[in-house]
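Okay, structure first, notes after.
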Amino acid sequence: MSNNSVRVQEDQRAKTNKRYMFLLVINYLFLFAGSLSSSLLSKFYFNHHGSSRWVSTWVQSAGFPLLIFPIYLPFYVLKCTDRRPFSHFTPRILILSIIIGLMLGLNNLLFSWGNSYLPVSTSSLLLSSQLVFNLILSVIIVKQKITFQNLNCVLLLTLSSVLLALGSSHDKPQGLTRAKYFVGFFSTIGAGLLFALYLPVMEKIYKWIYCYEMVMEMQLVMEIAATVLATAGMASDGGFSEMKRESQVKFDKGPEIYWVTVFANVVTWQLCFMGTAGMVFLTSSLTGGICMTALLAMNVLGGVLVYGDEFGGVKVVSTVLCGWGFCSYVYGMYLKMREEKEMENKNHGMEMAHNVASANNV
């Protein structure tokens with residue numbers, strides 16, 4: 001690698017570090033807005049007789065053209081970076097992005113199956129079960145340290161999901177058979193497991209990445225791969241002509257509302273995945289997973305407020321445990337950051353004292 005390339009990479013790392021807090025806030029807002037809106041919109045689609053799970057899968061990744069803006073604007077319009085888009089984007093990173101994108105496409109399909117059968121509140125809380133697997137895989141793949149705070153958080157969120165599973169057998173929409181209910185139940189669990197694997201794998205790969213723009217470039221390739229998989233599935237199920245027929249015949253709100261729903265789903269899902277990728281790059285896979293799980297409580301409340309999902313005692317307890325676990329983790333992060341800050345100030349003070357003593361000796 002040339003000295004010029006090394007210099008560009010170091011400059012990009014420095015610029016990313018300077019924008020750290022700004023990027024962190026923006027990505028969490030994307031994650032918050034995307035997670036809540038996409039969950040509610042997906043349920044709206046199925047509630048009004050949208051029936052294609054391939055369409056629901058396709059919209060989760062078809063918003064990849066939106067990633068062109070964070071990739072190309074910094075260099076060509078904002079002039080805030082010296083790095084050209086896709087420079088140092090190696091064949092290895094390209095191949096890994098395609099493979100992970102196909103895995104993400106399968107995860108999207110499982111999520112669509114689960115969301116088509118289960119109430120928003122139930123599917124959201126079930127997805128929190130991915131966190132225990134996220135912790136285990138993070139320990140194996142990225143050597144995540146287990147602390148009391150993250151272990152306590154994972155245990156509380158897992159207990160939340162177990163309580164839900166034990167108490168939600170009666171929580172089936174009208175006309176849904178027991179068999180289909182459990183298909184949705186286990187599809188959602190499968191989606192959570194795949195996503196639990198996706199997060200630490202991405203954290204491992206991001207160690208080779210030196211700027212936020214490269215994260216978005218990887219995300220673009222992954223979303224294209226996931227969209228190709230979903231488009232192939234749609235083609236086997238009638239293709240886009242089936243979407244047109246569905247909008248005119250099946251969807252009971254009319255074609256206009258149908259296409260608005262599809263377009264809004266495309267945008268909100270892209271925001272969700274952009275926020276997830278950014279959070280993992282800027283923090284860690286476990287922190288990203290915990291932030292997503294904390295948002296599930298908002299999805300639960302959204303399902304209750306918008307669709308009138310049942311919110312009995314079991315879901316109340318599950319939601320409280322979810323909030324409790326997240327708060328304990330945030331408090332643990334606060335203590336760790338304060339300790340690191342104190343250590344940094346102490347080292348800085350010792351260094352200054354050493355420099356003063358050296359100057360006096362001279």
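Keep in mind that the numbers below use all heavy atoms, side chains included, and drop hydrogens, waters and symmetry copies. Only a predicted model underlies this, so the values are computations on that prediction, with no experimental measurement involved.
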To the nearest 0.5 Å, what is the distance between CE (M222) and OG (S97)? 6.0 Å

Heavy-atom neighbours of K250 NZ exceed 12 at 6.0 Å: yes

With the 4.5 Å side-chain cut-off for hydrophobic clustering, are L41 and Y258 part of the same group? no

Drop me the distance from F32's CZ to L271's CG, to the nearest 0.5 angstrom. 12.5 Å

Let me see the working for M218 and Y206 under side chain to side chain contact (heavy atoms under 4.5 Å, CB included), right down to the final yes or no. CA-CA 10 Å; M218 281 194 67; Y206 285 159; 4.1 Å; yes

Hydrogens and angles aside, do Y198 and N134 bring a side-chain donor and acceptor to less than 3.5 Å of each other? no

Distance from F281 atom CZ to L24 atom CG, nearest 0.5 Å? 12.0 Å

Using a distance-only test with no angle check, is there a side-chain donor-acceptor pair under 3.5 angstrom linking R84 and Y72? no

Does either side chain, that of S42 or that of S56, offer a donor lying less than 3.5 Å from an acceptor on the other one? no

Chi angles and distances behind the side-chain hydrogen bond (donor to acceptor under 3.5 Å, both in side chains) call for E246, Y45: CA-CA 11 Å; E246 184 178 66; Y45 168 79; 2.7 Å; yes

Go through L36 and T268 one step at a time and tell me if the side chain to side chain contact (heavy atoms under 4.5 Å, CB included) criterion holds. CA-CA 9 Å; L36 179 60; T268 55; over 6 Å; no

Residues K143, E203: salt bridge by 4.0 Å N-O rule: no

Please examine the side chains of Q270 and E223, heavy atoms only from C-beta on, and report whether any two atoms are closer than 4.5 Å. yes

Roughly how far, to the nearest 0.5 Å, is the OH atom of Y76 from the CG atom of L73? 11.5 Å

Tell me, with the steps shown, if T276 and L199 meet side chain to side chain contact (heavy atoms under 4.5 Å, CB included). CA-CA 9 Å; T276 302; L199 291 174; 3.8 Å; yes

Check whether L193 and I99 end up in the same hydrophobic cluster, where Ile, Leu, Val, Met, Phe, Trp and Tyr are linked by side-chain heavy atoms less than 4.5 Å apart. no

Cation-pi check, R53 to W58: give yes when NZ or CZ is under 6.0 Å from the six-membered ring centre and within 45° of the ring axis, no otherwise. no

I141 side, atom CD1; S285 side, atom OG - distance, nearest 0.5 Å: 8.0 Å

Look up atom OG in S247 and atom CD1 in I257, then write down how far apart they are to the nearest 0.5 Å. 12.0 Å

Does a side chain donor of either Q60 or S112 reach within less than 3.5 Å of an acceptor in the other side chain? yes

Checking ring pair (Phe, Tyr, Trp, His ring centres under 6.0 Å) against F111, which of F195, F273, W269 comes through? W269

